[in-house]
**Student:** 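This is the structure I have questions about; it appears just below.
One-based numbering, in listed order, for ligands and for the atoms of each. Being a predicted model, the structure only gives us computed values, none of them experimental.
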Amino acid sequence: MTATTDLETLERDLLARVGAANDEAALEALRVEALGKQGSISALMKNLGSMSPEARKEFGPKLNGLKDRVTEAIVVKKATLAEAALDAQLKAEAVDVTLPPVKPRLGTIHPVSQVMEELAQIFGEMGFSVEEGPDIETDFNNFTALNFPPKHPARETHDTFFMDARDERGDRKVLRTHTSPVQVRTMLKQKPPIRMICMGRTFRKDSDATHTPMFHQIEGLVIDETSTMADLKSVLIAAIKAYFEVDDVKLRFRPHHFPFTEPSAEVDVGCDRSGGQIKIGAGDDWLEILGSGMVHPNVLANCGIDPEKYQGYAFGMGIDRLAMLKYGMNDLRAFFDGDTRWLKHYGFSPYLLPGLAQGLG
Ligand code: PHE
């Protein structure tokens, strides 16, 4: 009977320890200790073989009962511990959904970036893709391909920053004076139909309240077999209305000269200056906002496009000027001072990206 008493003691001990195990690792160690190959219960099982038939008959079922009860206790305890661990994890990761949202401080979007997003939206809706070009350009892309005659004074009127570095033709590189070289880049790499805009930095030696040596332009170019000045007008009217979010806008096309367009037009937008601030879409004053025209046949030919077959229009606008007009800033120089107080005041929330559906600004 000693063996039976020992069994009871063993069972009591094991069950107590299962009850006391407070994590899954301790429980597993206990399972191995009792039921593993070298375990205490397994050792007793092995002993059965050497017992007399009578002893085995009495001891065998008891040992099996013990094994079953200990196994079950471990399984149940394991489930309890897993549930408790999950509860603790859920509690630790709890989120109070009734709290107001806390906006992390991300700074603000610069008005120029905001306006670029707005313009990409507007022209994107009209089927324009977005192209890019570098700030440092070749003389060919910035001037020659655009039909500026060599050594012509027109090159000087841009107040160009020439660099010491030279391009593969031996000409001095330039900080691009306008985004029009991206017209050239696009035509050289893409066959018509072309319908693109490009936005980016441009540079001229100029500095006052409305001019900074670095400023931003948006360029537009459409080349196909049929586009005319009338298409140019309708696209610009639609874009200006969408940008200023006004239903009615007056545009005035004035004859002008650019080497790379023929005919060329400068475009003024109708405005009101009576209140000290310029208001777009009202009044009977005019403000010049862009240059445009039909792409000159020489430019098409310079870019490997047959001017007998293809035609199109181009336009260029100052982005900073557009931002100042829409958002009421009157000194361009402040745009690039990097003063965080200015940015806080005039910047836009990074959470509200412009889209035509929800409004632009
Ligand atoms: N590149 C011209 C400028 O900077 C603007 C322009 C672009 C004019 C395209 C006509 C066509 O003044």
**Student:** Below 30° counts as parallel, above 60° as perpendicular, anything between as tilted: where do the rings of His178 and Phe260 land?
**Tutor:**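 Perpendicular, since the angle between the ring planes exceeds 60°.
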
**Student:** Classify the ring geometry of Phe128 against Phe123: parallel below 30°, tilted from 30° to 60°, perpendicular beyond 60°.
**Tutor:**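 Taking Phe123 first and then Phe128, their aromatic rings stand perpendicular (interplane angle over 60°).
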
**Student:** For Thr228, is there any backbone N or O sitting under 3.5 Å from a side-chain donor or acceptor partner on Asp231?
**Tutor:**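 Yes, Asp231 side chain to Thr228 backbone: donor-acceptor pair under 3.5 Å.
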
**Student:** Students often mix this up, so state it plainly: with edges at 30° and 60°, are the rings of Phe315 and Tyr313 parallel, tilted or perpendicular?
**Tutor:**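 The rings of Phe315 and Tyr313 lie parallel, inter-plane angle below 30°.
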
**Student:** Tell me, do Thr177 and Thr202 make a side-chain contact under 4.5 Å, heavy atoms counted?
**Tutor:**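 They are not in contact (no side-chain heavy atoms under 4.5 Å apart), so the answer is no.
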
**Student:** Are Leu188 and Leu146 connected, step by step, through hydrophobic side chains (Ile, Leu, Val, Met, Phe, Trp, Tyr) whose heavy atoms are closer than 4.5 Å?
**Tutor:**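 Yes; Leu146 is reachable from Leu188 via cluster members.
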
**Student:** Strictly under 4.0 angstrom, heavy-atom based: which residues surround ligand 1?
**Tutor:**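 The answer is His178, Ser180, Gln183, Arg204, Gln217, Glu219, Phe258, Phe260, Thr261, Gly291, Ser292, Ala314, Phe315, Gly316, counting any residue whose heavy atom sits under 4.0 Å from ligand 1.
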
